[in-house]
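Structure, as structure tokens:
Remember, it's a predicted structure, so these values are computed and weren't measured experimentally.
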There are 2 protein chains.
Amino acid sequence: MASKDNSVNIKSGGAKASGAYHHGDLRAAVIAAGLKRLEADDGGELGLRALARDVGVSATALYRHFPDKEALLDALADEGLRRLGARQAQAWLKAGGGRNGFKATGITYVRFAHEEPALFRLSFTRQMRERTVDVDNDGGEVAYKLLRAGVGEALPGVEDPDTAALHAWALVHGLAMLILDRRIEWDEEMVEQVVGLTFGGIC
Amino acid sequence: MASKDNSVNIKSGGAKASGAYHHGDLRAAVIAAGLKRLEADDGGELGLRALARDVGVSATALYRHFPDKEALLDALADEGLRRLGARQAQAWLKAGGGRNGFKATGITYVRFAHEEPALFRLSFTRQMRERTVDVDNDGGEVAYKLLRAGVGEALPGVEDPDTAALHAWALVHGLAMLILDRRIEWDEEMVEQVVGLTFGGIC
DNA sequence: CTTGCCATGTTGTCACTGTAAACATTTCGA
DNA sequence: TCGAAATGTTTACAGTGACAACATGGCAAG
């Protein structure tokens with residue numbers, strides 16, 4: 001059986017072909033529209049009706065593709081994690097792996113949260129309800145594997161790699177969250193310093 | 001001028017004196033009821049009507065004491081921060097200050113998040129809008145001062161205390177958040193280990 | 001004590017939300 | 001070709017935060 005493609009396919013313009021009753025790929029279009037709204041991040045809630053209007057479809061049409069609003073948000077969250085993972089992988093490569101790459105990975109994490117606040121928050125603040133997850137394609141799972149592998153390669157001699165990985169993750173995640181909630185202000189240099197303290201050194 | 005008492009005063013039973021038109025101290029009662037609901041943490045939203053019913057008052061009565069729902073949530077959030085700060089101070093003292101006290105402070109932070117998930121999340125996830133804050137009484141401000149002082153006393157020889165403080169805060173905050181969102185499971189021993197890595201050692 | 005002001009609480013209502021049910025249209029396989 | 005399945009629409013309903021108009025009772029001035 002063909003595994004259901006869960007990733008977003010931003011294909012056509014989005015609006016359905018002017019008067020057509022059926023849309024073509026509503027699910028993808030809705031997710032794309034949702035992401036756009038999250039990028040705009042007016043701070044307000046993400047309502048079904050507004051989303052449906054963006055896509056040019058009636059509100060209840062969304063229920064043909066998602067059991068409820070939560071499921072829709074889950075899909076958006078998942079896409080968020082996938083993007084985060086992609087950017088991190090990219091940063092890792094660009095820095096040439098190793099300790100530098102690991103640090104870049106961490107900084108990218110925080111920067112992502114700062115640049116896409118609503119998406120980042122949505123992605124993580126979502127109470128992981130049991131969705132039958134295709135483990136190989138789950139954004140969160142991918143990101144963690146990357147992290148764990150990074151620890152292995154960047155800090156080869158560390159005594160407890162799992163603890164170290166958790167430490168690193170918690171650090172960047174906390175930094176990201178504190179910035180999102182405006183407990184502390186975004187400051188690239190500061191982030192580099194704080195992250196470097198753990199990711200660069202041994203710890 | 002008398003500074004307005006912003007803290008919660010859980011005095012009487014809560015329900016207004018059986019048939020009395022006026023309540024006595026509705027504001028405090030509402031906050032107390034709100035905290036109770038957050039402790040129960042059914043996961044659902046905190047609605048004005050439910051809250052009003054708990055206190056035995058009509059929904060719109062709340063608007064005599066809070067400009068809008070956000071303000072009410074702000075008050076709850078503030079109380080949450082105050083409680084967190086109190087517990088941390090207590091832990092600090094119990095551990096006799098110093099490096100041990102500092103570590104205890106950090107663990108208490110994470111434990112608090114685990115024990116009062118809804119309250120913790122509410123307290124931090126709230127977009128710090130400009131409320132004219134009585135700085136000396138603001139929960140968050142108090143907590144940060146405590147942290148900053150802790151770094152000073154626990155790690156006297158550290159090169160950049162501000163960065164170290166941020167590091168410590170981000171670490172425990174990230175740990176707390178990841179646990180709340182079920183990215184990682186609560187595990188007292190694990191927390192001690194991870195926190196100890198930074199708070200105990202130098203870093 | 002009386003009177004009237006004003007803080008506080010209530011009722012009614014509005015726009016908006018997620019979502020369910022019934023109906024319409026299109027696509028696609030037998 | 002034809003009917004079933006997939007997809008979209010309309011209508012409706014209960015619940016939400018919020019506002020305006022009205023009711024009540026405590027309290028201070030006369």
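The distance from atom CG of Leu73(B) to atom C1' of dT16(D) is 14 Å, rounded to the nearest whole Å. Atom-to-atom, OH of Tyr63(A) to P of dT19(C) comes out at 3 Å; the value is rounded to the nearest Å. Between Leu26(B) atom CG and dT10(C) atom P the separation is 9 Å, expressed in whole Å. Look at CG on Leu62(A): it is 14 Å from C1' on dA20(C), rounded to the nearest Å. In this entry the distance linking CZ of Phe66(B) with C1' of dG9(C) reads 15 Å, nearest Å. Rounded to whole Å, the distance from CG on Leu48(A) to C1' on dA20(C) is 13 Å. One interatomic measurement links the two molecules: CG of Leu46(B) to P of dG17(D), which rounds to 9 Å at whole-angstrom precision. Straight-line distance from the CZ atom of Arg64(A) to the P atom of dA22(C): 12 Å, rounded to whole Å.
Proximity of Val191(B) to Arg111(B): side-chain heavy atoms (C-beta onward) are nowhere separated by under 4.5 Å. Contact check for Leu46(B) versus Leu76(B): side-chain heavy atoms found under the 4.5 Å cut-off.
Aromatic rings from Phe120(A) and His173(A) are positioned such that their centres are separated by under 6.0 Å.
For dT11(C), its base never sits under 3.5 Å from the side chain of Ser58(B) at any donor and acceptor pair. Donor-acceptor pairing under 3.5 Å, judged by distance alone, is present between the side chain of Arg49(B) and the base of dG17(D).
Shown here are the salt bridge (charged side-chain N to carboxylate O under 4.0 Å, His left out) partners of Glu116(B), two or more places apart in sequence or in another chain: Arg87(B).
Not one side-chain nitrogen or oxygen of His65(A) sits closer than 4.0 Å to the OP1 or OP2 atom of dA6(D).
The side chain of Lys69(B) has dG17(D) as its nearest neighbour among dG17(D), dT9(D), dA20(D).
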